[in-house]
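Everything on this sheet refers to the single structure shown next.
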2 protein chains.
Amino acid sequence: MEQLRETLKGHHLRTTTCREDVLSTFINRKNALSHGDLEGALGENYDRVTIYRTLKTFLEKGIIHKVLDDEGLRYALCSHQCSEEKHHHDHIHFKCNACGKTNCLENLRIPNVALPSGYVPESFNLLIQGTCPECLAN
Amino acid sequence: MEQLRETLKGHHLRTTTCREDVLSTFINRKNALSHGDLEGALGENYDRVTIYRTLKTFLEKGIIHKVLDDEGLRYALCSHQCSEEKHHHDHIHFKCNACGKTNCLENLRIPNVALPSGYVPESFNLLIQGTCPECLAN
DNA sequence: GTATTATCTGCAACGATGTTGCAGAATATT
DNA sequence: AATATTCTGCAACATCGTTGCAGATAATAC
């Protein structure tokens, strides 16, 4: 509760109930969420547009980042502290084909790739699909 | 021309002018294309819906595969021979932030990633963003 | 070459997704 | 408590993607 406010203040955002609720939804569910997921969870309390704008704001402020899989666009919390100025961009995301959930594997580094000459890389984004530990156990 | 027909026949598809045109657009432009790109190129000749269905069919038959970047969904030719039964899934895509084009780096392998225990990977998809050789030269 | 069958295409309508402008509401500041 | 700032909800719109159906086209059989 109090922590949510801290996060918002730390990114120079006013604390509103919508922002608190969106943020806590990201924290409670641990996987990446689409706009639709959030609308499903909070849609009765807030307007679709407000949720879109909240996501956009969180993106710009570096609170969340985009996650892409074969189904489309989702968002996940940035655990490395990102800010408006400096985004930490390299991510590995794992999507489970059984439960459909996608999450961010925080502590892994993407190994170096030997690109053909002339290609100058700036950011890397690796999506691995397979089976997650929870689904493997069942 | 003749080659297009061969490709279509090889995937058990009827040769229609729309399919030939979509396929040759993929071959001529070498980068990944969105539905909008194809609509821009062929939209005066074919209905939007037909282009959507052509893409869907090509996907199912393993002629093209999805390419995702931060802007959305595109498609690129499968150069490794994919079929309806067996798709070759591991890809490295490079998106140039200068010209905006995305293409598939065919001959690279994605290096192994040491996943936490319990994660069973099936396919890998790496998106690298940066500057491409053409834009670097200019 | 013509008839038959299977498939593809265009049209219309619809649903989902995402954006913009603006007035009123809520927050932070004094 | 008053003010300035910024958020939110509403309405309207633009884009993207899907479905049903009738007519057109391609492959097959004759």
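Values below: every heavy atom of this structure, side chains too, minus hydrogens, waters and symmetry copies. Residue numbers begin at 1 in each chain, while the letters A, B, ... track the order of the sequences.
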Exercise. Scan B:Thr57 against the nucleic acid and name what it touches under 4.0 Å (heavy atoms): base, sugar-phosphate only, or nothing.
Key: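 It contacts nothing in the nucleic acid.
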What is the separation between atom [atom1] on [X] and atom [atom2] on [N], rounded to the nearest whole Å?
| X | N | atom1 | atom2 | answer |
| --- | --- | --- | --- | --- |
| A:Asp21 | D:dT8 | CG | P | 11 Å |
| A:His12 | C:dT27 | NE2 | P | 20 Å |
| B:Leu33 | D:dC16 | CG | P | 14 Å |
| A:Leu42 | D:dT8 | CG | P | 12 Å |
| A:Leu8 | C:dT27 | CG | P | 13 Å |
| A:Tyr75 | C:dG18 | OH | P | 6 Å |
| B:Phe58 | C:dT7 | CZ | C1' | 15 Å |
| A:Glu71 | D:dG17 | CD | C1' | 15 Å |

Quiz prompt | Over 12 foreign heavy atoms within 6.0 Å of CG, A:Asn112 | solution = no
Self-check item: Heavy-atom closest contact (B:Phe124 atom, B:Pro121 atom, distance)
Solution: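 Closest approach of B:Phe124 to B:Pro121: CZ-CB, 3.7 Å.
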Quiz item: Shortest non-hydrogen contact from A:Asp21 to A:Tyr46?
Solution: OD2-OH, 2.7 Å
Would you say [X] places a side-chain N or O within less than 4.0 Å of OP1 or OP2 belonging to [N]?
| X | N | answer |
| --- | --- | --- |
| A:Arg53 | D:dT8 | no |
| B:Thr50 | C:dG10 | yes |
| B:Thr15 | D:dA26 | no |
| B:Tyr52 | D:dT18 | no |

Nearest to the [X] side chain among [options], which nucleotide is it?
| X | options | result |
| --- | --- | --- |
| B:Leu73 | D:dC7, C:dC11, D:dG17 | D:dG17 |
| B:Arg14 | C:dG10, D:dT25, C:dT9 | D:dT25 |
| A:Arg19 | C:dC11, D:dT8, C:dG18 | D:dT8 |

Practice problem: Name the residue closer to the 5' end of DNA chain D, choosing between A:Val49 and A:Thr54 according to the nucleotide with the nearest heavy atom. | Solution: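 The residue whose closest nucleotide sits nearer the 5' end is A:Thr54.
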Quiz item: When you match B:Asp47 and A:Thr16 each to their closest nucleotide on DNA chain C, which lands nearer the 5' end?
Solution: B:Asp47
Quiz item: Any donor-acceptor pair under 3.5 Å between the side chain of A:Arg48 and the base of C:dG18?
Solution: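 Donor-acceptor pair under 3.5 Å: yes.
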Quiz prompt | Sidechain-backbone polar pair: A:Asn97 side chain, A:Gly100 backbone, donor-acceptor under 3.5 Å | solution =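 A pair under 3.5 Å: no.
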Self-check item: Option from A:Asp70, A:Thr102, A:Asn31 for which side-chain hydrogen bond (donor to acceptor under 3.5 Å, both in side chains) with A:Lys95 holds
Solution: A:Asp70
